[in-house]
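The structure appears below as structure tokens.
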Amino acid sequence: MTTLTTEADVSGEVTLRGHRIRTGLFLDGRWQSRPDGFDVINPSTGAVIARMADGTADDGLAALDSAARAQDGWRHVAPRDRADLFHRAHRILLERADAIVETMTLESGKPVAEARGEFQLSTDFFLWYAEQVAHLHGTYAEGSRGGYRVVTTHQPVGPSLLITPWNFPLLMIARKAGAALGAGCTVVVKSAKETPLTCALFVEALDDAGFPPGVVNLVHTTHSADVSAAVMADPRLRKVSFTGSTGVGSTLLKQAAPGVVNASMELGGDGPFVVLEDADVELAAQQAIVCKFRNAGQACVAANRIIVHEAVAEEFTARFVQLTEALRVGDGFEEGVDVGPIISARQRDGVARLVDQLSSIDSELLTGGAPVDGDGYFFTPTVFRINDRENDVCNQELFAPIATIYTVDSTAEAIRVANDTSYGLAAYVFTRDLSRAIAVSERLESGMVGINRGIMADPAAAFGGVKSSGLGREGGHEAIYEFLEPKYLAITVDESKGLD
Ligand code: NAD
């Protein structure tokens, strides 16, 4: 049962399902209330579950002020001590698993099983960075014409702004903050207004682990554009790491240009899910279900266009529709629910408009297509077969529980259709021929390719996109270097000194 709060709770905390959660901003090591607040809604019920302090541009600048003051001290915390803090925070997060998982389900609507999966992945990411912190190396080389040595080290970029979306409330903050803090950068986190509670629990765990004041700062706000514009214009900010839509990402890149602020961008996707004629059709259909309907389709790596060879199109489509119709839609706390709600009433209306648009082109609606009656923002999992792929609606990120199936007559055509998009985040290919899988993967214009699998996020993997899906990588060995800059020291060496 959700515990509802009715009065404004800008003063400090809220209790949900027995878990106490801070509702203030976290600046310079202190939770701070604000006179203005905004409501957090449970999308499964439409009920207000909390009221958060609504930060202003001045709060953003105060957060940056605190991050800038803490930067030098944090950078000089010895790697082993920094790693110890990470390990302590990791243990605290594990102890608070139930609170975090249930809060994620409350504010984002995702089913508890999905929230648990996200929790595990997020804490694994955090652990990955904990293990990396004490293993950052430099290089040593002779100058090319002798006479000196080339010593290269890595230094933290500096105070960083981390802007996260609502669709993976824990994973996004854990992945960014882990890399930034591990590298020795201090951070200002700007949460998404739909899911600030999970961010608050994450930051509280870091505070309780002993991260020094000012190293981590958290701002919730309904004035994202004002807060980030103010912070981005301040020369003390040296890095922005953003996950969200391509439109907002490009605005931030423009804001980064005058001060040449280092930028990493994880943006939208238009994932092609390619099923070739020699694929294991049952496996492809099952993986397509997870890849498409996880998080009610609100994932950047979702299968946005399912591209199937004509030889297996009928068999695949029939099975995929059957599996879609078996999905249970409902409140993520109910047993057996597979698909939760859309994040807001506005977005749910947007999904209905997409169905209208897709219905107006040469297509067939195979199942679904309507919102579910009730207070929550549910939408029936929907499948279209699309015959006219030239329409603009076919090349946009759906970000919805709507699957679109396209039929092609060759591998070459599948690749051409897959690449016919401005995005390039995740792509998927299903075939039993390893050689073909590799040849096709290399031709797909994307940052990541799942071969015979529809889920691929992993701490050991460099996650990110090409084209308008972004710049830079999160995870893998690469991620921490997004927050580090190489620095080269030229050291004169008098060779004769070795002969004295
Ligand atoms: P969004 O771009 O609207 O919002 C993302 C974040 O940016 C939120 O915190 C929001 O408050 C903030 N924001 C909005 N306008 C801003 C502005 N003018 N200046 C600064 N910040 C601003 O995206 P969303 O609707 O929350 O998330 C969905 C999008 O995110 C989809 O396009 C999805 O593909 C993408 N996404 C990408 C990845 C990835 O890793 N590539 C992961 C998750 C989501």
Side-chain angles (χ1 to χ4, degrees), residues 38 40 43 52 54-55 57 60 107-108 110 118 121-122 125 161-176 179 188-196 198-199 218-233 237 240-256 261 263-271 294-304 342-344 346-348 350-351 396-400 421-427 446-448 456-457 461-475 479 482:
F38 66 91
V40 182
M52 308 298 291
D54 195 0
E107 63 180 353
S108 77
K110 65 180 65 193
E118 180 174 344
L121 186 58
S122 309
F125 261 100
L161 174 63
L162 314 180
I163 305 180
T164 60
W166 48 265
N167 59 346
F168 291 96
L170 183 65
L171 181 60
M172 296 298 117
I173 185 171
R175 206 159 80 170
K176 285 187 192 303
V188 174
V189 178
K190 198 218 68 70
S191 67
K193 66 180 186 307
E194 296 83 355
T195 54
T198 307
C199 286
L218 174 64
V219 179
H220 311 297
T221 183
T222 54
H223 316 284
S224 294
D226 295 345
V227 171
S228 74
V231 174
M232 292 289 292
L237 185 80
V240 58
S241 174
F242 170 75
T243 298
S245 58
T246 297
V248 173
S250 24
T251 301
L252 290 166
L253 284 172
K254 283 181 203 129
Q255 291 173 351
V261 174
S264 298
M265 297 280 144
E266 297 287 351
L267 308 176
D270 179 12
R294 182 174 61 129
N295 215 23
Q298 305 165 111
C300 52
V301 290
N304 210 47
I342 306 300
I343 191 68
S344 66
R346 193 174 62 84
Q347 296 268 59
R348 197 242 334 246
V351 175
Q396 74 180 64
E397 182 179 31
L398 299 171
F399 215 65
T421 172
S422 61
Y423 293 103
L425 190 59
S446 67
M448 304 174 278
M456 58 178 150
F463 184 104
V466 300
K467 295 159 80 175
S468 56
S469 287
L471 297 170
R473 293 295 180 267
E474 288 186 348
E482 297 279 322

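Just so it is clear, the structure is predicted and the values come from calculations on it, not from any experiment. Note that ligands are numbered from 1 as they come in the structure, with each ligand's atoms numbered from 1 the same way. Heavy atoms only: backbone and side chains are in, while hydrogens, waters and symmetry mates are out.
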Report the part of [X] in contact with ligand 1, treating N, CA, C, O as backbone and CB onward as side chain, heavy atoms under 4.0 Å; options are side chain, backbone, both, neither.
X: Thr243; answer: both
X: Leu425; answer: side chain
X: Ser228; answer: side chain

I want to know if ligand 1 touches [X] in the polar sense, i.e. an N/O pair below 3.5 angstrom.
X: Thr246; answer: no
X: Phe242; answer: no
X: Ser245; answer: yes
X: Lys190; answer: yes
X: Ser224; answer: yes
X: Thr251; answer: no

Does [X] use its side chain to pair, donor to acceptor, with the backbone of [Y] at less than 3.5 Å?
X: Gln255; Y: Met232; result: no
X: Asp270; Y: Glu397; result: no
X: Arg473; Y: Gly465; result: yes
X: Ser241; Y: Leu162; result: no
X: Glu107; Y: Thr198; result: yes
X: Ser191; Y: Pro196; result: no
X: Asn295; Y: Phe168; result: no
X: Ser469; Y: Tyr423; result: no

Report task. Check the side chains of Glu482 and Ser264 for a donor-acceptor pair under 3.5 angstrom, ignoring hydrogens and angles. Result ->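 Result is yes, a qualifying pair exists.
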
So for [X], does at least one of its heavy atoms come nearer than 4.0 angstrom to any atom of ligand 1?
X: Phe168; answer: no
X: Arg175; answer: yes
X: Ser191; answer: yes

Can you report which non-hydrogen protein atom sits closest to [atom], along with the distance?
atom: atom 24 (P) of ligand 1; value: Trp166 NE1, 3.5 Å
atom: atom 8 (C) of ligand 1; value: Thr164 O, 3.3 Å
atom: atom 32 (O) of ligand 1; value: Glu397 OE1, 2.7 Å
atom: atom 27 (O) of ligand 1; value: Pro165 CB, 3.8 Å
atom: atom 14 (C) of ligand 1; value: Val248 CG2, 3.9 Å
atom: atom 28 (C) of ligand 1; value: Phe399 CZ, 3.4 Å
atom: atom 41 (N) of ligand 1; value: Leu267 O, 2.7 Å

Query raised in the report: Going through the distances and angles, do Asp54 and His220 end up as a side-chain contact (heavy atoms from CB on, under 4.5 Å)?
Result: CA-CA 6 Å; Asp54 195 0; His220 311 297; over 6 Å; no

So if I count the atoms of ligand 1 from 1 in the order they appear, which ones are less than 4.0 Å from some heavy atom of [X]?
X: Ile163; value: 6 (C), 7 (O), 9 (O), 12 (C)
X: Ala192; value: 9 (O)
X: Asn167; value: 43 (C), 44 (C)
X: Ala225; value: 17 (C), 18 (N), 19 (N)

Query - Under-4.0 Å heavy-atom contact between protein and atom 4 (O) of ligand 1 - result: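 So far as the 4.0 Å threshold goes, atom 4 (O) of ligand 1 is out of reach of every protein heavy atom.
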
Just wondering, do [Y] and [X] contact through their side chains at under 4.5 Å, heavy atoms?
X: Val301; Y: Leu425; value: yes
X: Asp226; Y: Thr221; value: no
X: Gln298; Y: Ser108; value: no

Query - Among Ala302, Ala299, Gly244, Gly269, closest by any non-hydrogen atom to atom 35 (C) of ligand 1 - result: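 Ranked by closest heavy atom to atom 35 (C) of ligand 1, first place is Gly244.
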
**Report entry** Selection from Ala229, Gly464, Cys300 by shortest heavy-atom distance to atom 38 (C) of ligand 1
**Finding:**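 Among Ala229, Gly464, Cys300, the closest heavy atom to atom 38 (C) of ligand 1 comes from Cys300.
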
Query raised in the report: Shortest non-hydrogen contact from Thr164 to Lys176?
Result: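 Looks like CG2-CD, 4.3 Å.
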
Query - Pairs meeting criterion salt bridge (charged side-chain N to carboxylate O under 4.0 Å, His left out) with involvement of residues 462-472, two or more places apart - result: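 Only Glu445-Lys467 qualify under salt bridge (charged side-chain N to carboxylate O under 4.0 Å, His left out).
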
